[in-house]
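Per chain, numbering begins at 1; letters A, B, ... match sequence-line order. Everything numeric in this text was worked out from a predicted model, so none of it was measured.
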Amino acid sequence: MSPKYKAIVLIAVAALSVAALVFVNLHHVRDAGRPVTEVESW
Amino acid sequence: MLRKLLFWGFAVVFPLPLILTYNVQGTAPGPLKYYIFLGLAAYSWWLLSILLSVRPPWLDRLVGLPAIYGLHGMLGILAIVAAYLHRDLSYSPSQLAGDLGNWGFNGALAILCYSVFFMSGWLVDRSRLLQKIKRLLEVVFRRQLSVWIHRLNLMIVAMIWLHVHLLVRVNQYFAFMTLFDLYTVVVLSIYVWKKWIAPDAYLMGTVTVNDARGSSTRRISMDLDRKATMLQPGDSFFLSFQRSTSVSREWHPFSVTDDNQETLSFTIRQHGDFTRRLGDLESGTRVRLEGPFGRFDAIVQSRDPEAPLVFIGLGAGVAPLLSLAAAHHTTRDIHLLWAVRSPEDAYYRDVLKEYESAPGSRLRVTSRVGRFHREDLAESLPVEAISKGEFFIVGPNPAVLANQRLLWRMRVSPRRIHQERLTM
């Protein structure tokens with residue numbers, strides 16, 4: 001595979017990873033619904 | 001010095017965005033927040049350590065590979081200390097998160113101990129007993145195996161990343177988690193780029209000569225497909241021999257022996273499991289070259305132009321000094337001291353004589369069998385060279401350290417001593 005295509009694959013995978021992680025992080029916030037108190041988190 | 005301070009200062013600054021973001025968003029009570037900061041610092045330092053392992057040549061030109069690897073190692077230790085305090089003082093509400101954190105910590109500690117012994121030379125280079133033990137153990141724990149064990153640190157980072165994602169006391173803060181994930185993805189992407197894409201742009205060459213020099217040294221020359229325009233005297237490259245039946249493709253650093261940008265020659269001492277197999281390397285083997293690396297010529301250019309240069313080459317360590325001598329023997333006072341194991345190991349005697357007798361040459365060469373002692377240096381070097389000269393020492397680690405101590409005892413300022421150790 002040429003370096004150009006490798007770079008495209010890498011950038012695409014990195015961008016998709018960030019998008020997926022943003023989705024997961026939003027999900028965590030929705031799950032909590034509000035900031036979790038320290039007592040709950042312990 | 002200022003560059004190195006800024007470089008080390010970057011290690012302090014690197015975790016701050018993560019810590020400050022958590023500080024703004026997090027609601028954990030005072031002490032717990034600080035323990036979380038310690039965990040964040042440890043994780044950031046592991047990431048920075050991975051980032052340094054890609055050894056960008058531009059950073060090498062600024063601070064040098066020894067400083068890069070020095071910080072890489074120190075960050076490993078600092079991260080373990082911070083992670084230990086974090087683990088000991090805080091508590092994980094999730095069983096899986098706690099287990100991942102503990103496995104990550106224990107794994108990182110084990111890999112750190114392994115790497116300090118087999119890869120760093122911090123302890124082994126200072127003890128003959130440890131050198132013997134290491135040599136025995138290297139029958140099993142070969143260099144390439146050590147590199148792969150070291151790479152398990154990536155698994156540790158993955159474990160800690162998951163550990164953080166499972167903790168409700170941190171994963172509920174969107175901005176913080178996004179920044180945390182960006183740190184991870186950017187660093188790992190740079191690492192993948194370095195291992196997978198960057199080598200395609202490296203210099204390529206073909207081995208043309210592979211000769212024995214002395215009892216345990218080889219001179220390997222290669223024609224490059226294109227000129228090494230960035231090459232400076234005293235530089236080194238990491239080499240990877242492609243599709244050779246005698247040696248594997250693992251990367252190893254070697255210093256360039258002469259001052260030619262089209263054909264590079266390397267003088268290689270055969271003391272490790274990889275270099276011992278180089279005797280069978282076939283002519284025509286393709287080579288990938290990463291680099292050049294090195295700061296010797298930049299140091300020569302930046303210091304007092306009237307100060308004599310003292311080159312101390314220990315065995316095959318003379319290689320980069322030879323290219324420096326070739327470049328500067330008519331413009332600078334150079335004293336080249338070359339210590340060899342046996343008379344037949346003085347394989348560059350003729351080349352050095354040629355430089356020494358060239359018109360306008362200011363090079364003086366002293367070679368001897370065995371190490372230089374204090375009286376040898378006092379006898380071979382003029383007073384001005386000892387009091388004002390810039391010293392460059394290259395050779396096996398223990399020998400370089402011994403010569404460095406010798407120069408300290410002769411009151412040569414550490415600022416005037418520059419060294420390159422033949423490691424890896």
Peer 1: So which heavy atom on A/L21 is nearest to which on B/H165, and how close?
Peer 2: CD2-CE1, 4.0 Å
Peer 1: Can you tell me if B/F174 has over 12 outside heavy atoms packed within less than 6.0 Å of its CZ?
Peer 2: yes
Peer 1: Given the options A/S2, A/P3, A/A14, which has more heavy-atom pairs under 4.5 Å with chain B than any of the others?
Peer 2: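 Heavy-atom pairs under 4.5 Å are most numerous for A/P3.
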Peer 1: Does any non-hydrogen side-chain atom of B/D181 lie less than 4.5 Å from one of A/V18?
Peer 2: no
Peer 1: Using 0.5 Å steps for rounding, measure from the CG atom of A/L26 to the OG1 atom of B/T178.
Peer 2: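 Between A/L26 CG and B/T178 OG1, I get 7.0 Å after rounding to 0.5 Å.
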Peer 1: Identify the two heavy atoms, one from B/W196 and one from A/K6, that lie closest to each other, and give their separation to 0.1 Å.
Peer 2: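 Heavy atoms only, the tightest pair is O-NZ, 3.1 Å.
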Peer 1: Show, in sequence, the C-alpha distance, side-chain angles and deciding distance for B/M177 and A/V24, and conclude whether the side chain to side chain contact (heavy atoms under 4.5 Å, CB included) test is met.
Peer 2: CA-CA 10 Å; B/M177 287 307 293; A/V24 169; over 6 Å; no
Peer 1: Locate the shortest heavy-atom distance separating A/L10 from B/S189; write the atom from each residue and the value.
Peer 2: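 It is CD2-O, 3.6 Å.
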Peer 1: How long is the span from the NE2 atom in A/H28 to the CG atom in B/L166, to the nearest 0.5 Å?
Peer 2: 7.0 Å
Peer 1: More than 12 non-hydrogen atoms from neighbouring residues, nucleotides or ligands closer than 6.0 Å to OH on B/Y84, yes or no?
Peer 2: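 Atom OH in B/Y84 is not crowded, with 12 or fewer foreign heavy atoms closer than 6.0 Å.
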Peer 1: How long is the straight-line distance from NE2 of A/H27 back to CG of B/N171, given to the nearest 0.5 Å?
Peer 2: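 Between atom CG of B/N171 and atom NE2 of A/H27 there are 10.5 Å.
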Peer 1: For B/K227, is the NZ atom crowded, meaning more than 12 foreign heavy atoms sit under 6.0 Å from it?
Peer 2: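 12 or below, so no.
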Peer 1: Could you tell me which portion of A/V13 (side chain, backbone, both or neither) has an atom closer than 4.5 angstrom to a non-hydrogen atom of chain B?
Peer 2: neither
